[in-house]
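Note sheet for the following structure.
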Amino acid sequence: SMAVGKKRWATRISNKCCCFQGIGALVRPRRSGKIKIGYWDIRGVGAPLRMMLEYAGASYEDKYYVNPADWFNRDRPELLKSNALANLPYMVDDAVVLCQTQAISEYLGDRFGLSGQDMAEKR
């Protein structure tokens, strides 16, 4: 019945089903290791990522692109080997290469323990 289905669904959420935890479900909180962030030489959508890293006290390299050729002809082709959707902003953390601000924010939140512990806290 519909009521039983809803109850099962609610139970799975309360038991922290990983399908509702996003990319962060793949990350264990840790605070060591250097991260590389790349974005244009403006604040833009890279600024919240830098703020998160500063708040967490993380060790990171901040790559600012002034010349588009540096991104399109040099660094992007290299990142495409690890992530077929390579774009700015990007983040490299060991073997993890992510693009898009929201995906990176979720990853950093989980990596540095800045995300909530359950669905109610993550909202």
Side-chain angles (χ1 to χ4, degrees):
S1 83
M2 185 64 114
V4 172
K6 285 183 180 180
K7 185 176 181 180
R8 284 188 197 142
W9 183 75
T11 302
R12 283 193 308 206
I13 290 175
S14 66
N15 289 338
K16 299 181 186 173
C17 172
C18 68
C19 57
F20 290 99
Q21 294 178 357
I23 195 164
L26 306 174
V27 183
R28 297 239 187 263
R30 60 187 175 94
R31 298 185 184 270
S32 63
K34 192 167 192 171
I35 292 174
K36 182 177 182 181
I37 295 284
Y39 192 61
W40 299 112
D41 190 21
I42 60 173
R43 287 186 195 127
V45 295
L49 305 175
R50 295 179 188 114
M51 290 178 200
M52 288 180 75
L53 291 166
E54 286 292 326
Y55 181 82
S59 173
Y60 70 100
E61 175 187 344
D62 204 351
K63 174 67 177 166
Y64 290 95
Y65 292 96
V66 177
N67 181 355
D70 290 342
W71 166 243
F72 289 107
N73 300 333
R74 188 188 65 212
D75 293 349
R76 186 170 190 258
E78 195 61 34
L79 285 174
L80 283 169
K81 296 175 185 175
S82 300
N83 185 329
L85 303 173
N87 204 351
L88 295 175
Y90 69 83
M91 181 218 64
V92 178
D93 183 18
D94 293 327
V96 177
V97 178
L98 291 176
C99 302
Q100 302 297 329
T101 306
Q102 186 61 39
I104 298 169
S105 295
E106 288 183 32
Y107 178 89
L108 293 175
D110 287 330
R111 186 185 192 280
F112 293 105
L114 302 174
S115 296
Q117 298 301 312
D118 56 33
M119 290 305 294
E121 290 179 3
K122 289 182 184 234
R123 284 190 267 177

| query | Can you tell me how far the CD atom of Gln102 sits from the CG atom of Leu49, to the nearest 0.5 Å? | reply | 9.5 Å
| said: Are Leu53 and Leu108 packed together at the side-chain level, in the sense that at least one heavy-atom pair is separated by less than 4.5 angstrom? | reply: yes
| query | Do you know the tightest heavy-atom contact between Glu106 and Ser115? | reply | O-OG, 4.3 Å
| task | Might you point out which heavy atoms bring Ala86 and Cys99 nearest each other, and give the distance in Å? | result | CA-SG, 3.4 Å
| task | Kindly compute the distance separating CG (Asn87) from CG (Leu98), expressed to the nearest 0.5 Å. | result | 13.0 Å
| Do Met91 and Tyr55 belong together in a cluster built from hydrophobic side chains that touch within less than 4.5 Å? | yes
| said: Side chains of Tyr60 and Asp62 only: does a donor on one sit below 3.5 Å from an acceptor on the other? | reply: no
| query | Does atom CZ of Arg43 have more than 12 heavy-atom neighbours from other groups under 6.0 Å away? | reply | no
| request: Using modelled atom types only, decide if a donor and an acceptor are shared between the side chain of Asp94 and the backbone of Val96 within a distance under 3.5 Å. | output: no
| query | Other than Tyr90, what residues sit in its cluster of Ile, Leu, Val, Met, Phe, Trp and Tyr side chains whose heavy atoms are under 4.5 Å apart, directly or through others? | reply | Tyr39, Trp40, Ile42, Val45, Tyr65, Trp71, Phe72, Leu79, Leu88, Val92, Val97
| said: Side chains of Ile35 and Arg111, heavy atoms from C-beta outward: is any pair under 4.5 Å? | reply: yes
| message | Within this structure, what is the CG-NZ distance for the pair Asp93 and Lys36, rounded to the nearest 0.5 Å? | response | 13.0 Å
| remark: Rounded to the nearest 0.5 Å, the CE atom of Met51 sits from the OG atom of Ser105 at a distance of 11.0 Å
